[in-house]
Novice: 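Got a structure for you, questions after.
We're numbering straight along the sequence, starting at 1. The structure presented is a predicted model; accordingly, all values stated were derived computationally and were not measured.
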Amino acid sequence: MKMLKFVVLTCWATILLAQQAVEVTRVTAKPVERQVHLPGEFLPNLQVDLYAKVTGFVDQINVDRGSLVQEGDLLAVLSAPEMTAQVAEAESKVRAVESQRAEAQARTAAAESTYERMKEASKTVGAVAENELILTQKTLDAARALERSLVDQVQAVRDSLQALQELQRYLRITAPFAGAITVRNVHPGALVGPGGSPPTPLVRLEQVSRLRLVVAVPEAEVSGIVRGARVPFTVPAYPGITFEGTVARVARSIDSKTRTMAVEMDVHNADGRLAPGMYPDVFWPVRKSTASLLVPPTSIVTTTERTFVVRVKDGVVQWVNVKRGVSIGNLVEVYGPLAAGDAIVRRATDELREGTRVTVRETGS
């Protein structure tokens, strides 16, 4: 009997000694702030193609590509002889109709005076025939009707003249805002107007003292967008120099093709070193509202079928599927059904099969 007990105890000891010993570490959780490099594109803060609103010939063009202009500066002058003749004709009509109205006013005043005198005289019996008083009143009514008609005609020809004068102002093309001329398509003598298909712009004006920096932020990083945040970037034209932009506008919609959200930053460019069309390298800040789970890179096993870490719970091996994130120092961010403090094998391998019993030796991360 004693010999049997000795054999059983010896077997259990042998089994325990046969269990594999593994080195484990703990899953850590902490907030992570990092930067990712994202490509961006500069756009002008304001941009407009200036067209001729009326048909005419380019009489003078005061700017060329690269010209800097202020708001209200005269960019081009067109000439339209037909319009000048139309304006002169309209002015002549206004003068003629105003003269006719003045004459009608004088006739109305005379008719009113005659009617009032006859009306006063008719109070004396037999002084004025009733038929003459009626005729005088009708003459007054006709004079008043003619005057009203001429008043309407004066307003109509004045409106016509004003419309022509408004069109004539379009012969002078001015800058709607301060900026730089980036495209010039016409020269003096060219016939321009809205009749082209499509019409050709005379010039293109862009505001370059302030630029829009558009960044396509990946869907996974949109939670870190903070309006008003200052974000650094560099451009190939100025190596070694870091610029800054301020997050100003967020599209609030994910592009279904690229799975990114467009974010615009305002960039002050008073010195003109930056230009629309440049592609800067943006150091986009990544901030998360929850702590990230971090493990050593040697704890992650990747096979053709899965990516996992080996967790040890109550001495038993478990394979836990994870998705690998970014490297943070000497650790790697992972996503999966793990929790902070879980014991995982420090140097994991798929040779540690699920369900295997192991003994653990814990070390720091």
Novice: With sequence neighbours left out, write down each residue that passes side-chain contact (heavy atoms from CB on, under 4.5 Å) with I254, or none if nothing qualifies.
Specialist: E219, V222, R259, M261
Novice: Mind checking the CD-CD spacing from Q207 to Q47? Nearest 0.5 Å is all I need.
Specialist: 11.5 Å
Novice: Would the distance check show the side chain of R227 and the main-chain N or O of A248 forming a donor-acceptor pair, the cut-off being under 3.5 Å?
Specialist: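 Side chain of R227 to backbone of A248: a pair is present.
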Novice: For F42 and N269, run side chain to side chain contact (heavy atoms under 4.5 Å, CB included): C-alpha distance rounded to whole Å, both residues' side-chain angles, the deciding distance at 0.1 Å, then the answer.
Specialist: CA-CA 11 Å; F42 280 123; N269 187 40; over 6 Å; no
Novice: Please check if the side chain of S299 supplies one atom and the backbone of V345 the other of a donor-acceptor pair under 3.5 Å.
Specialist: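 Between the backbone of V345 and the side chain of S299 there is a qualifying donor-acceptor contact (under 3.5 Å).
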Novice: Using distance only, find each side-chain donor-acceptor pair of residues 51-68 under 3.5 Å and give its atom names and separation, not counting sequence neighbours.
Specialist:
| from | atom 1 | to | atom 2 | distance (Å) |
| --- | --- | --- | --- | --- |
| N62 | ND2 | L74 | O | 3.2 |
| D64 | OD2 | R184 | NH1 | 3.4 |
| S67 | OG | D64 | N | 2.9 |
| S67 | OG | D64 | O | 2.9 |

Novice: Considering only Ile, Leu, Val, Met, Phe, Trp and Tyr, and joining two whenever side-chain heavy atoms are under 4.5 Å apart, list the other residues clustered with Y279.
Specialist: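 When side chains under 4.5 Å apart are linked, Y279 ends up in no cluster with other residues.
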Novice: Once you round to the nearest 0.5 Å, how far does CH2 of W284 lie from CG of L38?
Specialist: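 If we round to the nearest 0.5 Å, W284:CH2 and L38:CG are 7.5 Å apart.
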Novice: Please answer whether the main-chain N or O of P201 pairs with a side-chain N or O of N185 as donor and acceptor at a distance below 3.5 Å.
Specialist: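 Pair found, side chain donor or acceptor close to backbone of P201.
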Novice: A quick test of your reading: do over 12 heavy atoms of other residues, nucleotides or ligands sit less than 6.0 Å from CZ of R172?
Specialist: no
Novice: Go through the structure and list residues passing side-chain hydrogen bond (donor to acceptor under 3.5 Å, both in side chains) with S209, not counting sequence neighbours.
Specialist: none
Novice: Apart from Y335 itself, what residues make up its hydrophobic cluster when side-chain heavy atoms of I, L, V, M, F, W and Y under 4.5 Å apart count as a link, directly or indirectly?
Specialist: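 Besides Y335, the cluster holds no residue at all.
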Novice: For the side chain of D314 and the backbone of V316, is there at least one donor-acceptor N/O pair under 3.5 Å apart?
Specialist: no
Novice: Write down the atom of A339, the atom of L293, and the distance for their closest heavy-atom approach.
Specialist: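 So the minimum-distance heavy-atom pair works out to C-CD2, 4.4 Å.
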Novice: What heavy-atom pair brings P176 and E71 nearest, and what distance separates the two atoms?
Specialist: O-CG, 3.5 Å
Novice: Hey, what else clusters with V183 if you join Ile, Leu, Val, Met, Phe, Trp, Tyr whenever side-chain heavy atoms sit under 4.5 Å?
Specialist: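 Under the 4.5 Å side-chain rule, V183 groups with nothing.
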Novice: Please work out whether the ring planes of F308 and W319 are parallel, tilted or perpendicular, with thresholds of 30° and 60°.
Specialist: parallel
Novice: Please check if the side chain of Y238 supplies one atom and the backbone of F243 the other of a donor-acceptor pair under 3.5 Å.
Specialist: no
Novice: Do you know which of V215, V247, T246 makes side-chain contact (heavy atoms from CB on, under 4.5 Å) with V231?
Specialist: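 Filter result, single survivor: V247.
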Novice: Rounded to the nearest 0.5 Å, how far does CD of E264 lie from CD of E41?
Specialist: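 Output value for this atom pair is 10.5 Å.
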Novice: Report yes or no: does T25 contribute a side-chain atom to a donor-acceptor pair with the main-chain N or O of R346 at less than 3.5 Å?
Specialist: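 Flag not set: sc T25 to bb R346 has no pair under 3.5 Å.
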Novice: When rounded to the nearest 0.5 angstrom, what distance separates CZ in R324 from OG1 in T302?
Specialist: 6.5 Å
